[in-house]
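Notes follow the structure.
Sequence lines set the chain letters: A, B, ... in the order given, protein chains first and strands last, and positions in each chain run from 1.
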Amino acid sequence: MPELPEVETIARGVDARTRGDRIVEAWFSGHSEPFKTPPRQQAAGLEGRIIFHVHRTGKHLVCELGPASRLVDSSSIERDAAHEAQRPDAQWIVHLGMTGRLLVTTPDQPVAKHTHARLLLASGREIRFVDPRRFGRLEFRDLLGCAGFRGAGQEPLTVGAAAFAALFRGRRLAIKAALLNQTLLTGVGNIYADESLFRAGIRPRRQAGRLTKTELERLRLELINVLKHAIQLGGSSVSDYVDANGVRGFFQLEHFVYMRTGEACLRCGTPIKRILVAGRGTHYCPKCQR
DNA sequence: CATTTCACCTGGTGGC
DNA sequence: TGCCACCAGGTGAAAT
């Protein structure tokens, strides 16, 4: 479900509704797949902590957490604690996989099937992680002696022309496969790979290392455009994606090729083709993309 | 090493 | 109504 624009939308929604709140209680389902950190360890780390803020890196949601301010009688210790509280000392890292949702609800809302985590907050709200296919992952990371989370790949919204081109130099795999490789770029998935390649006029099967400098720069700019536009529209809701408030996105209405097999190309009228690249359904216009 | 394939899951859709 | 094949926003391990 979620690629960079969807995860960004969710991060903004969760941040707006939970920033500064305190996690009172954490509950986890019995399924083991979604837990990179054992549920007990996650619960122990999460309970009592304050949510400083929530943001996205790549396709990951990161909740920056800090200690609840302790009641102390010494003013200097209190100052130190307040100072320390500026810096997060732990993170809750959420990957939504294919079908994951992170919702902010009230406890009276019915609990959806496949709910795997519930964080009850001091405000009375609740963060819920729902994931039917269980491809998502939840991790708790203590930042004492451990670096904060960051993906291996470059962020597509901020990577420069030279660094972008360097990612693909000498590579023999299809450009579409390269775009999906999260150790090169982080955050691009099947929808935005297809859409950016269409907008740049490049066939998905072209060898990454054989694209010209001009083509690569066009691809980088179109990728940035499509991601930014999608964020503005709250992401793409192809089947069931919703943001933190349960609201669908609108970018699916702007798709040129994704899931439009056999339909007329919106630029030239040629039927959109579907092929397999890197094992993924890949959509393109045989006339507009060379 | 770079690249490709496949397993991991549930659920929706469309054909018969 | 049921059964079956196939498809789906991702990724990491195993095979090539």
Side-chain angles (χ1 to χ4, degrees), chain A residues 1-11 29-36 56-61 93-103 112-116 129-139 149 151-153 156 166-197 204-210 223 226-227 230-231 233-244 247-255 257-262 272-283:
Chain A
M1 162 187 77
E3 302 179 33
L4 187 152
E6 291 76 33
V7 179
E8 178 69 30
T9 302
I10 295 169
S29 75
H31 283 108
S32 61
E33 291 96 332
F35 307 123
K36 247 178 132 167
R56 172 199 66 79
T57 114
K59 294 178 190 171
H60 292 262
L61 285 145
I93 301 154
V94 178
H95 192 288
L96 298 168
M98 204 93 126
T99 54
R101 298 179 175 196
L102 200 66
L103 298 163
K113 198 174 171 185
H114 307 298
T115 297
H116 294 112
F129 173 68
V130 182
D131 183 13
R133 288 174 78 177
R134 283 180 264 142
F135 288 172
R137 293 292 179 265
L138 302 178
E139 175 185 355
F149 176 84
L167 294 175
F168 306 105
R169 201 160 296 146
R171 297 193 180 271
R172 313 171 81 93
L173 80 174
I175 183 61
K176 157 107 181 211
L179 286 173
L180 294 176
N181 182 339
Q182 301 295 298
T183 63
L184 299 177
L185 277 177
T186 183
V188 180
N190 212 29
I191 296 175
Y192 301 100
D194 281 5
E195 290 298 321
S196 60
L197 286 169
R205 282 232 176 96
R206 292 274 304 282
Q207 268 191 26
R210 293 214 172 156
L223 180 58
V226 79
L227 293 172
I231 291 170
L233 295 188
S236 299
S237 288
V238 171
S239 64
D240 61 358
Y241 158 76
V242 291
D243 69 12
V247 176
R248 288 166 62 84
F250 291 94
F251 194 71
Q252 66 280 8
L253 303 174
E254 307 288 319
H255 292 174
V257 290
Y258 183 75
M259 291 292 250
R260 295 194 63 245
T261 311
I272 299 301
K273 273 198 168 187
R274 179 184 183 276
I275 57 175
L276 275 187
V277 178
R280 314 295 303 279
T282 296
H283 317 78

Pi stacking test for Phe135(A) and dC8(B): under 5.5 Å apart, planes under 30°: yes
Taking dA8(C), dT4(B), dG10(C) as options, the one with an atom nearest any side-chain atom of Tyr258(A) is dA8(C)
Let's test this: given Watson-Crick or G-U wobble pairing with both distances under 3.5 Å, identify the partner of dC9(B). none
Rounded distance in Å - CD1 (Ile191(A)) to C1' (dG10(C)): 12 Å
Asp194(A) and Lys176(A) have their tightest heavy-atom pair at OD1-NZ, 2.6 Å
Could you tell me the separation between the CZ atom of Arg172(A) and the C1' atom of dT3(B), rounded to a whole number of Å? 11 Å
Hey, could you give me the CD1/NE2 distance between Ile272(A) and His283(A), rounded to the nearest 0.5 Å? 9.5 Å
Below 4.0 angstrom from OP1 or OP2 of dG11(B), is there any side-chain N or O of His114(A)? yes
Whether Arg274(A) side chain and Arg260(A) backbone form a donor-acceptor pair below 3.5 Å: no
Let's see if you can work this out: which of dT11(C), dG11(B), dT10(B) has an atom nearest to the side-chain heavy atoms of Arg280(A)? dT11(C)
Could you tell me how far apart Arg101(A) (CZ) and dG10(C) (P) are, to the nearest whole angstrom? 16 Å
How many angstroms lie between atom CG of Leu227(A) and atom OH of Tyr192(A), to the nearest 0.5 angstrom? 7.5 Å
How many Å lie between NZ on Lys36(A) and C1' on dA13(C), as a whole number? 14 Å
Quick check on dG10(C): is either OP1 or OP2 less than 4.0 Å from any side-chain nitrogen or oxygen of Gln182(A)? no
Side-chain contact check for Arg134(A): nearest option of dC9(B), dT3(B), dT11(C) is dC9(B)
Could you tell me how far apart Leu276(A) (CG) and dC7(C) (P) are, to the nearest whole angstrom? 8 Å
Is the phosphate of dT10(B) approached by Lys113(A) (side-chain N or O, under 4.0 Å from OP1 or OP2)? no
Of the options dT3(B), dT10(B), dA8(C), whose atoms approach the side-chain atoms of Arg274(A) most closely? dA8(C)
Would a distance-only check, ignoring hydrogens and angles, find a side-chain to backbone donor-acceptor pair under 3.5 Å from Glu6(A) to Tyr241(A)? no
Nearest whole angstrom, please: distance from the P of dT13(B) to the CG of Asp240(A). 11 Å
Which whole number of Å gives the distance between the P atom of dC3(C) and that of dC9(B)? 23 Å
Measure CG/Asn181(A) against P/dT5(B) and give the value in whole Å, please. 15 Å
Quickly, which of Glu195(A), His255(A), Glu3(A), Glu254(A) forms a side chain to side chain donor-acceptor pair (under 3.5 Å) with Ser236(A)? Name it, please. His255(A)
So what does Gly279(A) hit on the nucleic acid, given a heavy-atom distance under 4.0 Å: a base, only sugar-phosphate, or nothing? nothing
Is there a side-chain polar atom (N or O) of Arg171(A) under 4.0 Å from OP1 or OP2 of dC1(B)? no
By the 4.0 Å heavy-atom rule, please label Ser237(A) as base, sugar-phosphate, or nothing. base
Phe168(A) CZ to dA2(B) P, in whole Å, measures 15 Å
